[in-house]
Each structure stands twice: as structure tokens, then as C-alpha cells.
Q: 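Please find one structure pasted underneath; my questions will follow.
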Amino acid sequence: MRPLPSESRKNRGISLGLLALCLAAARCLQSQGVSLYIPQPTINATVEEDILLSVEYSCHGVPTIEWKYTSNWGAQKIVEWQPGTQANISQSHKDRLCTFDNGSILLFSVSVRDSGYYVITVTERLGRSQFGTIVLHVSEILYEDLHFVAVFLAFLAAVAALLISLMWVCNKCAYKFQRRRHKLKESTTEEMELQGVEC
Ligand SMILES: *[C@@H]1O[C@H](CO)[C@@H](O)[C@H](O)[C@H]1NC(C)=O
Ligand SMILES: *[C@@H]1O[C@H](CO)[C@@H](O)[C@H](O)[C@H]1NC(C)=O
Ligand SMILES: *[C@@H]1O[C@H](CO)[C@@H](O)[C@H](O)[C@H]1NC(C)=O
């Protein structure tokens, strides 16, 4: 016996519903992971620059963001916050760090001692977390500065030498010109005198 048309429609409706449920579950699972994007994992800086440790995360709900700093001197937590709330900044970084809602932090006026590894951990409310690392090299600018100054001084010296030789040449020319005019004058007066005698 063939099933009644209304029954087959009902079956189709149930299977469609199941499919939709499966898709929703898959999407839910996918969106539950935390993902973290770090455009620049290595940063070279010079002292006194303001450096943005730029990241972007995506996750379900509002996460907790934490940055740790690791160097030869050890590891320490420097800041922890939830986007939209006040950040808890460690004593060592008070007044020289600010946070952004996308998880990034800005370090003001870095020094050589700020070189090291900055590890960010983004933890979702359900406990899933993701971490990433940014390596910061801060170098002195002293050497490059001196180099620049030396090149600049050499350039100035060259310009000065050129100007001095130019002045010397000009002086010489002017002197010669004057002497020639003087001679010319003398010879014309002599000629005139001679002419006067002839007459
Ligand atoms: C940083 O400096 C190092 C050498 O000190 C170099 O190898 C590296 O390519 C530099 N990275 C960037 C992003 O400029
Ligand atoms: C995060 O936000 C800051 C400030 O708005 C921005 O400068 C930076 O580019 C952002 N980072 C990324 C990876 O989008
Ligand atoms: C801030 O961090 C310190 C140490 O990491 C902790 O003792 C303190 O309770 C935190 N304060 C808040 C308001 O979370």
C-alpha cells in the first residue's frame, strides 16, 4: 500500500528539520573555537618608540585577554582584561601601556629592557583558549645616529672646501682683471701722450 500524500510530506518535513539541526550544530561547534590573528609576529623597534602589539581575535561571547612578558629576566603577567571593562595592568607597566578591544596593546616609549616575548592568551567563557606570541627587538639608535652625524659633517666640510676654493678662484680672477684694466689704461694714456708728441 502506498503511503498517503500527507504522510510523505510529513516525512520530508522531519528530514529537512533534522538537516537544519545538524547544520546549526556544525556551525555552533565551528564558532566555539577561539581564533587569533597576529599580522606581525616579529617587531623591530628603536628606543622611545611607541609600539603596537597588534592582534585580532574571534570567539563566542566576551573572552578574557591576558598578556605575559617573557625575557632573560623571567616571565610576568603584564595585563589582563575583558573587552569593554577596565584593564588590570601590572605595577611594572602602569602608565606605559594601553589596551584595545581587539586584544592589541600599545607600549609607550619602549626601552631596550622591553625586548622579549609577549604571549597573549585569549580565554573564552567556556574555558577554550588560544595563545600567540609576538617577539619584540628594541635597539639603541646611538650608533646609527653617530654614523649619520659623521656623514653630515663630512658633507659640510666638502661644501666648505668647495666654497673656499671658489672664493679663491674668484679673488684671483678679479685681481687679474683689475691689473689688466690698469695696464690697458696705462697703455692708452701712453699712446695718447705719444700721439700728442707726434702732433
Ligand atoms: C629585524 O631585525 C633582524 C636583524 O636584527 C632581521 O633579520 C629581521 O628581518 C628584522 N625584521 C623586521 C620585521 O624588520
Ligand atoms: C586592533 O585595534 C587597533 C586600534 O584600533 C588597530 O590599530 C589595529 O590595527 C587592530 N589590529 C588588527 C589586527 O586589526
Ligand atoms: C589584578 O591583578 C592582580 C595580580 O595579577 C590581582 O592580585 C588583583 O586581584 C587583580 N585585580 C582585579 C581587579 O582583577
Side-chain angles (χ1 to χ4, degrees), residues 20-159:
L21 209 71
C22 282
L23 279 178
R27 269 180 66 168
C28 195
L29 276 178
Q30 222 174 22
S31 70
Q32 263 177 354
V34 184
S35 71
L36 191 62
Y37 166 62
I38 300 181
Q40 206 183 347
T42 309
I43 299 175
N44 289 341
T46 48
V47 290
E48 290 185 7
E49 264 186 297
D50 295 342
I51 297 301
L52 178 71
L53 304 183
S54 182
V55 302
E56 192 157 35
Y57 67 86
S58 80
C59 72
H60 207 64
V62 178
T64 301
I65 296 164
E66 176 201 276
W67 281 93
K68 273 203 186 103
Y69 165 65
T70 311
S71 73
N72 298 338
W73 293 287
Q76 69 174 125
K77 187 152 118 179
I78 54 175
V79 63
E80 183 182 275
W81 83 103
Q82 290 187 324
T85 65
Q86 183 83 30
N88 187 2
I89 304 173
S90 78
Q91 208 57 43
S92 62
H93 284 73
K94 272 231 145 58
D95 302 326
R96 52 188 212 96
L97 177 157
C98 87
T99 58
F100 294 98
D101 280 352
N102 64 4
S104 308
I105 56 175
L106 180 65
L107 302 173
F108 298 114
S109 186
V110 291
S111 68
V112 174
R113 277 186 68 106
D114 288 321
S115 299
Y117 295 85
Y118 290 82
V119 181
I120 176 180
T121 310
V122 179
T123 309
E124 216 181 20
R125 207 185 292 264
L126 290 174
R128 271 179 258 262
S129 69
Q130 182 72 255
F131 72 92
T133 306
I134 293 181
V135 185
L136 177 66
H137 298 287
V138 182
S139 53
E140 296 271 12
I141 43 173
L142 206 64
Y143 171 70
E144 277 167 52
D145 240 19
L146 282 182
H147 187 77
F148 175 74
V149 165
V151 167
F152 187 65
L153 279 182
F155 174 74
L156 275 188
V159 168

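All of these numbers come straight from a predicted model, not from anything done at the bench. Just so you know, ligand 1 is whichever comes first in the structure, and atom 1 is the first atom listed for that ligand.
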Q: Give a yes or no on whether the backbone of Val138 and the side-chain of Ser115 come within a donor-acceptor separation of less than 3.5 Å.
A: yes
Q: For atom 10 (C) of ligand 2, find the nearest protein heavy atom and state the residue, atom name and distance (0.1 Å precision).
A: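 The closest one turns out to be Asn102 ND2, 2.5 Å.
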Q: Hey, are the side chains of Thr70 and Thr133 touching, using non-hydrogen atoms and a 4.5 Å cut-off?
A: no
Q: Among Ser58, Pro63, Ser35, whose side-chain contact (heavy atoms from CB on, under 4.5 Å) with Val122 holds?
A: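 Only one of Ser58, Pro63, Ser35 forms a side-chain contact (heavy atoms from CB on, under 4.5 Å) with Val122, namely Pro63.
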Q: Using side chain to side chain donor-acceptor pair (under 3.5 Å), reason through Thr123 and Thr64 one step at a time and then give a plain yes or no.
A: CA-CA 5 Å; Thr123 309; Thr64 301; over 6 Å; no
Q: Of the protein's non-hydrogen atoms, which lies at the shortest distance from atom 7 (O) of ligand 2, and what is that distance?
A: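 Result: Leu52 CD2, 3.6 Å.
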Q: So, Lys94 side chain and Ile89 main chain: donor-acceptor pair closer than 3.5 Å or not?
A: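 Checking the backbone N and O of Ile89 against the side chain of Lys94, a donor-acceptor pair under 3.5 Å is found.
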Q: Counting N and O atoms only, with roles assigned by atom type, does the side chain of Thr99 sit under 3.5 Å from a partner on the main chain of Ile105, one being a donor and the other an acceptor?
A: no
Q: When you measure from the side chain of Glu124 to the backbone N and O of His60, does any donor-acceptor pair fall under 3.5 Å?
A: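 Confirmed, Glu124 side chain pairs with His60 backbone.
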Q: So if I count the atoms of ligand 2 from 1 in the order they appear, which ones are less than 4.0 Å from some heavy atom of Phe100?
A: 4 (C)
Q: Note the single closest protein heavy atom to atom 1 (C) of ligand 1, along with its residue, its atom name and the distance in Å.
A: Asn44 ND2, 1.5 Å
Q: Please determine if Ser54 has a nitrogen or oxygen closer than 3.5 Å to a nitrogen or oxygen of ligand 2.
A: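 N/O-N/O distance under 3.5 Å: yes.
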Q: Please write down residue, atom name and distance for the protein heavy atom closest to atom 14 (O) of ligand 2.
A: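 Protein heavy atom at minimum distance: Glu56 OE1, 3.4 Å.
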Q: Nearest protein heavy atom to atom 13 (C) of ligand 1, by residue and atom, and its distance?
A: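 Ranking protein heavy atoms by distance from atom 13 (C) of ligand 1, first comes Thr42 O, 4.0 Å.
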Q: If the cut-off is 4.0 Å to any non-hydrogen atom of Ser104, which atoms of ligand 2 fall inside it?
A: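 In order of numbering, the contacting atoms are 1 (C), 11 (N).
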Q: May I ask you to list the atoms of ligand 2 that are less than 4.0 angstrom from any heavy atom of Val55?
A: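 Reading through ligand 2 atom by atom, the close ones are 11 (N), 12 (C), 13 (C).
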Q: Counting only non-hydrogen atoms of the protein, does one fall under 4.0 Å from atom 3 (C) of ligand 1?
A: yes
